[in-house]
Amino acid sequence: QVQLVESGGGLVQAGGSLRLSCAATGTIFGIDVMAWHRQGPGKQRELVATSDSSGGTDYAEFVKGRFTISRDNAQNTVYLEMNNLKFEDTAVYYCTAQIAAYTDFRYKYYWGQGTQVTVSS
């Protein structure tokens with residue numbers, strides 16, 4: 001079965017950096033858009049960054065200049081490098097991707113389980 005598995009979350013001081021990884025596993029035919037969302041405590045889920053299959057990227061205004069999304073298509077992996085972290089960046093970060101499995105060539109939207117990022121002030 002197709003799965004998305006995030007890693008790299010943890011506790012970091014304000015001003016520090018953290019790199020999240022998300023690997024897609026299973027019998028995969030192709031991956032289109034990959035993205036990161038987050039949901040802070042008591043807050044609504046929000047989109048952080050997106051990456052298309054050709055290298056194009058888009059960012060939420062509140063992370064521009066601080067976060068970088070990238071991907072390794074050969075490894076079916078997407079990354080989120082987070083620099084100059086702020087207390088308000090504390091959230092569960094979720095990896096998402098449009099993926100077509102070998103058993104069904106139609107692209108479907110998958111979500112990972114999430115990884116906790118906690119920024120201390």
Side-chain angles (χ1 to χ4, degrees):
Q1 71 282 12
V2 173
Q3 288 185 297
L4 295 174
V5 181
E6 302 102 332
S7 62
L11 176 65
V12 64
Q13 293 181 332
S17 299
L18 208 58
R19 190 192 193 201
L20 306 182
S21 299
C22 173
T25 63
T27 54
I28 296 172
F29 173 76
I31 303 177
D32 196 350
V33 174
M34 304 186 82
W36 291 93
H37 293 76
R38 73 184 187 186
Q39 186 167 12
K43 301 177 182 178
Q44 185 66 41
R45 173 181 53 81
E46 58 189 356
L47 177 66
V48 175
T50 62
S51 174
D52 65 29
S53 60
S54 299
T57 60
D58 195 14
Y59 297 91
E61 189 66 31
F62 53 83
V63 303
K64 286 182 178 178
R66 299 191 298 123
F67 290 10
T68 302
I69 188 171
S70 62
R71 63 195 289 173
D72 184 342
N73 291 326
Q75 299 294 321
N76 294 330
T77 301
V78 65
Y79 305 92
L80 185 68
E81 183 180 0
M82 304 181 293
N83 299 311
N84 192 25
L85 283 161
K86 304 175 180 179
F87 177 75
E88 53 264 38
D89 293 320
T90 296
V92 177
Y93 284 72
Y94 297 93
C95 173
T96 66
Q98 294 276 357
I99 301 174
Y102 273 114
T103 56
D104 185 356
F105 289 173
R106 294 176 298 177
Y107 282 83
K108 299 179 180 179
Y109 200 38
Y110 291 82
W111 286 71
Q113 292 288 351
T115 184
Q116 177 70 48
V117 172
T118 303
V119 183
S120 61
S121 60

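In this text, all values refer to a predicted model and were calculated from it rather than measured experimentally.
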From [atom1] ([X]) to [atom2] ([Y]), nearest 0.5 Å:
{"X": "Asn76", "Y": "Ile99", "atom1": "CG", "atom2": "CD1", "value": "7.5 Å"}
{"X": "Ser54", "Y": "Asn73", "atom1": "OG", "atom2": "CG", "value": "8.5 Å"}
{"X": "Gln39", "Y": "Glu46", "atom1": "CD", "atom2": "CD", "value": "9.0 Å"}
{"X": "Met34", "Y": "Leu4", "atom1": "CE", "atom2": "CG", "value": "6.0 Å"}
{"X": "Leu18", "Y": "Gln13", "atom1": "CG", "atom2": "CD", "value": "12.5 Å"}
{"X": "Ser120", "Y": "Leu11", "atom1": "OG", "atom2": "CG", "value": "5.0 Å"}

Q: Might you work through the side chain to side chain donor-acceptor pair (under 3.5 Å) test for Asn83 and Ser17, ending with a clear yes or no?
A: CA-CA 4 Å; Asn83 299 311; Ser17 299; 2.9 Å; yes

Of all the heavy-atom pairs spanning [X] and [Y], show the shortest one and how long it is.
{"X": "Glu6", "Y": "Cys95", "value": "OE2-N, 2.8 Å"}
{"X": "Pro41", "Y": "Thr90", "value": "CD-O, 3.7 Å"}
{"X": "Ile28", "Y": "Tyr102", "value": "O-CE1, 3.1 Å"}
{"X": "Leu80", "Y": "Ala49", "value": "CD1-CB, 4.4 Å"}
{"X": "Thr27", "Y": "Val2", "value": "O-CG2, 4.4 Å"}
{"X": "Phe87", "Y": "Val119", "value": "CD1-O, 3.1 Å"}

Please answer whether the main-chain N or O of [Y] pairs with a side-chain N or O of [X] as donor and acceptor at a distance below 3.5 Å.
{"X": "Asp104", "Y": "Ala101", "value": "no"}
{"X": "Thr115", "Y": "Gly9", "value": "yes"}
{"X": "Arg66", "Y": "Met82", "value": "no"}

Q) Is Trp36 linked to Tyr59 within one hydrophobic cluster, defined over Ile, Leu, Val, Met, Phe, Trp and Tyr using a side-chain heavy-atom separation of less than 4.5 Å? A)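 Both belong to a single hydrophobic cluster.
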
Q) Same cluster for Val12 and Val63 if Ile/Leu/Val/Met/Phe/Trp/Tyr side chains link at under 4.5 Å? A) yes

Q.
Can you confirm whether the side chains of Thr77 and Asp72 place a donor and an acceptor under 3.5 Å from each other?
A.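 Absent: no donor and acceptor within the cut-off.
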
Q) Are a donor atom and an acceptor atom from the side chains of Tyr110 and Thr96 found within less than 3.5 Å of each other? A) no

Q) Do Tyr93 and His37 pass the side chain to side chain contact (heavy atoms under 4.5 Å, CB included) test, and can you show the C-alpha distance, the side-chain angles, and the key distance before you say yes or no? A) CA-CA 6 Å; Tyr93 284 72; His37 293 76; over 6 Å; no

Q: On the 0 to 90° scale, with breaks at 30° and 60°, tag the Trp111-Tyr94 ring pair as parallel, tilted or perpendicular.
A: perpendicular

Q: Can you sort out the partners of Glu81 under salt bridge (charged side-chain N to carboxylate O under 4.0 Å, His left out), two or more places apart, ordered by chain and number?
A: none

Q. Given Leu85 and Phe67, is the side chain to side chain contact (heavy atoms under 4.5 Å, CB included) satisfied, shown in steps?
A. CA-CA 9 Å; Leu85 283 161; Phe67 290 10; 3.9 Å; yes

Q) Does atom CZ of Phe62 have more than 12 heavy-atom neighbours, drawn from other residues, nucleotides or ligands, at distances under 6.0 Å? A)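 Counting neighbours around CZ of Phe62, more than 12 heavy atoms of other residues, nucleotides or ligands fall under 6.0 Å, so yes.
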
Q) Considering residues, nucleotides and ligands other than Gln113, do more than 12 of their heavy atoms fall under 6.0 Å from its CD? A) no

